[in-house]
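Just so it is clear, the model here is predicted, and its values are computed rather than measured.
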2 protein chains.
Amino acid sequence: MDARALETLRTVGTQGGVTAAAAVLHLTPSAVSQQVALLQREVGVPLTERVGRGLRLTPAGEALAEAAVDVAVALERARAACDEFLERPQGVVRVSAFQSGAQLLLPALLTRMEAIEGITLECTDEDVAQDDFVALTDRMDVVVAHRPDDGLGWAGGRAVQVVPLLREPLDVAVPLDHPLAGRSEVRPDDLRDLPWIAVREGFPVATVLGAVAARSGSAPRIVHRVNDFHVVEALVEAGHGVSLLPRYTFGGGARVRLVPLAGVRAGRRIDALLRRDRAERLVVRRVLDELRALAGEIDTA
Amino acid sequence: MDARALETLRTVGTQGGVTAAAAVLHLTPSAVSQQVALLQREVGVPLTERVGRGLRLTPAGEALAEAAVDVAVALERARAACDEFLERPQGVVRVSAFQSGAQLLLPALLTRMEAIEGITLECTDEDVAQDDFVALTDRMDVVVAHRPDDGLGWAGGRAVQVVPLLREPLDVAVPLDHPLAGRSEVRPDDLRDLPWIAVREGFPVATVLGAVAARSGSAPRIVHRVNDFHVVEALVEAGHGVSLLPRYTFGGGARVRLVPLAGVRAGRRIDALLRRDRAERLVVRRVLDELRALAGEIDTA
DNA sequence: GCGTCCATGCAGGGACGCTACATCGTCACG
DNA sequence: CGTGACGATGTAGCGTCCCTGCATGGACGC
């Protein structure tokens with residue numbers, strides 16, 4: 001039983017298909033298919049079953065994939081055991097973050113890591129739907145993701161480790177000349193019938209606006225759906241609507257006014273997601289420590 | 001980092017050399033050497049160091065070998081996870097036992113396992129020095145070993161699992177016409193100046209006789225050193241000396257008389273030794289359960 | 001019903017790992 | 001102190017395994 005094949009099976013499970021898994025593993029779909037087939041012959045139990053034109057893991061496949069996590073963890077732990085004897089931990093760490101999180105955290109993170117010799121950071125900004133963050137952990141070492149404050153956690157079960165970084169309040173962004181711009185806070189009632197600019201359906205913190213509006217007793221009037229907060233900011237500035245924007249990331253600017261919400265809790269949680277096996281790498285731990293420290297400074301500021 | 005290479009390194013550690021490890025793994029010494037060398041390049045730390053004409057693991061090597069155990073365990077657990085979905089556990093289990101333990105346990109064990117379809121037992125009797133029992137676990141799934149009652153446990157650390165089976169008293173074996181033959185028990189003082197037949201130095205329970213004699217205040221007079229208990233029995237029967245023989249294994253015979261010792265605790269512990277990764281196999285667990293049940297019957301009888 | 005996408009089988013090629021052999025160093029024996 | 005044997009380690013050669021490329025079959029959507 002090969003650890004590589006186990007990893008392949010696991011990826012097929014998380015990525016939901018042979019082709020997607022092949023892309024992550026830098027292989028051809030054919031190779032992935034053959035590995036799984038070989039594994040199946042070895043254990044004598046069907047591991048995958050076709051569903052439509054894709055496929056999905058059988059219960060036995062799920063069980064094996066779960067066990068594969070422990071194998072990967074053990075292997076990484078072995079590597080780490082040797083690194084302890086190396087005077088200097090070394091390696092590259094791939095970090096991914098959603099756009100505004102990247103803007104908030106990555107510059108300072110890179111600065112901090114520059115002081116540490118030997119660790120190379122490869123940063124990427126990835127804006128994906130809420131449910132797709134966990135799948136990124138197959139390609140990345142650390143995935144900075146966000147979710148509604150009140151929402152439930154992340155899928156992925158035991159395979160992914162969730163490290164809470166910080167909670168960022170979402171404020172109401174209004175034009176500088178807006179009637180609410182002078183207020184020190186607004187209540188849900190103040191927001192009735194305002195034209196909202198929201199994020200696209202299924203994307204992070206999409207549900208927050210609905211929750212806020214529910215407190216005012218009516219559904220929000222959504223006039224635009226824009227994912228990029230800078231575009232949102234520009235639209236708000238030009239008077240095309242109001243929106244919810246994260247305080248730490250957009251509070252400093254002078255283009256729009258951020259007014260805190262009172263009477264309702266609106267915010268997003270920013271977490272670091274990473275696979276349990278990746279978490280065993282010393283360099284990854286190191287980056288994670290810095291990231292957590294950095295987030296702590298922002299949160300208490 | 002290959003799980004196979006890790007296993008190889010571990011074996012080099014336990015077997016204490018490339019050649020011995022190669023024999024266990026069914027490889028040539030060259031292949032083992034190359035695997036270790038490759039592993040070394042990968043981690044960038046020396047894993048082995050030459051000592052005389054052999055070699056030994058460096059601290060880093062030991063650490064990696066220890067981690068290799070967890071990898072092997074995780075892999076076996078993965079296999080077991082699939083076997084759960086198989087209706088019938090199946091496979092061969094290699095069992096090794098020292099001579100008298102084999103005589104005591106193996107026939108009944110085989111009878112019990114015959115009732116279970118699919119599990120094939122391969123039994124071997126291995127009489128090795130006390131310190132060499134653990135090394136057998138590399139070749140065997142289950143090793144039945146014995147040690148002095150009062151002695152310390154087994155070496156091998158976390159890598160080997162010890163399952164206590166039973167404690168067997170050691171009685172004084174005397175000829176049928178010996179002055180002590182009629183006694184219901186003997187005390188250490190009764191044993192002064194008797195001609196003893198002991199096992200060879202370094203072999204299991206060799207230390208027990210010394211402990212018993214120490215209670216009588218004098219060193220035992222050892223006239224012969226014989227490992228095979230049947231030979232010992234024949235020698236005792238012919239009046240060439242007395243000896244310590246295990247009660248359950250030799251108490252039933254009519255060739256010599258076994259007299260219990262009083263005033264001193266003399267016995268041997270019979271344990272099952274197995275590698276932690278092997279212990280994850282369902283069929284191995286099954287055999288172990290039967291073995292333990294069987295030993296329990298003997299112990300309470 | 002056709003095009004597209006996805007999983008899968010088959011043949012070819014490359015890379016990796018093992019065997020066999022030679023070398024060097026170390027320990028036992030005369 | 002030289003000689004023989006044992007053990008570890010490189011090198012060449014070969015076999016094997018695995019991956020790529022291509023073709024096939026099935027399923028969904030327009």
Side-chain angles (χ1 to χ4, degrees), chain A residues 1-58 60-62 64-65 68 71 75 132 135 138, chain B residues 1-58 60-62 64-65 68 71-72 75 132 135 138-139:
Chain A
M1 176 157 309
D2 187 19
R4 237 170 90 74
L6 256 52
E7 175 66 19
T8 303
L9 178 73
R10 209 189 71 73
T11 311
V12 170
T14 59
Q15 297 292 318
V18 171
T19 306
V24 170
L25 299 170
H26 304 293
L27 288 174
T28 58
S30 181
V32 172
S33 184
Q34 288 177 52
Q35 278 191 32
V36 175
L38 216 70
L39 208 57
Q40 246 175 86
R41 305 187 77 143
E42 196 170 340
V43 299
V45 189
L47 297 174
T48 59
E49 56 189 1
R50 303 214 50 153
V51 44
R53 54 183 164 186
L55 49 70
R56 156 187 73 203
L57 299 188
T58 61
E62 288 287 357
L64 191 55
V71 174
L75 276 170
D132 295 341
D138 282 334
Chain B
M1 177 157 310
D2 187 20
R4 238 172 88 75
L6 257 52
E7 175 66 19
T8 302
L9 178 74
R10 208 188 73 72
T11 310
V12 170
T14 59
Q15 297 292 318
V18 171
T19 307
V24 170
L25 299 169
H26 303 293
L27 289 174
T28 58
S30 182
V32 172
S33 183
Q34 288 176 54
Q35 279 192 31
V36 175
L38 216 72
L39 208 56
Q40 243 173 96
R41 307 186 77 145
E42 196 170 341
V43 298
V45 189
L47 298 174
T48 59
E49 57 189 1
R50 303 213 50 151
V51 44
R53 55 184 163 185
L55 50 69
R56 143 187 87 201
L57 298 189
T58 61
E62 288 286 357
L64 191 54
V71 174
L75 275 171
D132 295 340
D138 282 334
R139 287 192 292 120

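Between A/Leu6 and B/Leu75 the shortest side-chain heavy-atom distance falls below 4.5 Å. When side chains are defined from C-beta on, B/Thr8 does not count as touching B/Asp2, because their heavy atoms never get closer than 4.5 Å. Side-chain contact between A/Leu64 and A/Leu39: present, with at least one pair of heavy atoms (C-beta onward) separated by less than 4.5 Å.
Checking A/Arg53 against B/Gly54, the closest nucleotide of DNA chain D that is more toward the 5' end is the one next to B/Gly54. Toward the 5′ end of DNA chain C lies the nearest nucleotide of A/Val18, the other residue of the pair B/Leu38 and A/Val18 mapping further downstream.
Going from atom CD of A/Glu49 over to atom C1' of C/dA7 covers 15 Å, rounded to whole Å. Atoms CG (B/Leu25) and P (C/dT19) sit 11 Å apart, rounded to a whole Å. In this structure, A/Gln35 atom CD and C/dG9 atom C1' are separated by 16 Å, rounded to whole Å. One atom, CZ of A/Arg56, and another, P of C/dC6, lie 18 Å apart when rounded to the nearest Å. The CG-P distance, from A/Leu27 to C/dT8, rounds to 15 Å in whole Å.
Note on B/Thr28: every side-chain N or O is 4.0 Å or more away from OP1 and OP2 of C/dA20. For the pair A/Gln34 and C/dC10, the criterion of a side-chain N or O lying under 4.0 Å from OP1 or OP2 is not met. In terms of phosphate contacts, A/Arg50 brings no side-chain nitrogen or oxygen within less than 4.0 Å of OP1 or OP2 of C/dC5.
Between the CE atom in A/Met1 and the CD atom in A/Glu42 there is a gap of 4.5 Å [rounded to 0.5 Å]. Interatomic distance, B/Leu9 CG to B/Leu38 CG, rounded to the nearest 0.5 Å: 12.5 Å. For the atom pair B/Gln40 CD and B/Thr48 OG1, the distance stands at 4.5 Å (nearest 0.5 Å).
Across the helix from C/dG1-D/dC30 to C/dG30-D/dC1, the helix axis at one end is tilted relative to the axis at the other end by 20° (nearest 10 degrees, each axis from five pairs).
Of all nucleotides in DNA chain D having an atom under 4.0 Å from a heavy atom of chain B, the first and last in 5' to 3' order are D/dA5 to D/dT11.
Looking at A/Ser30, its side chain comes within 3.5 Å of the base of C/dG9 through a donor and an acceptor atom.
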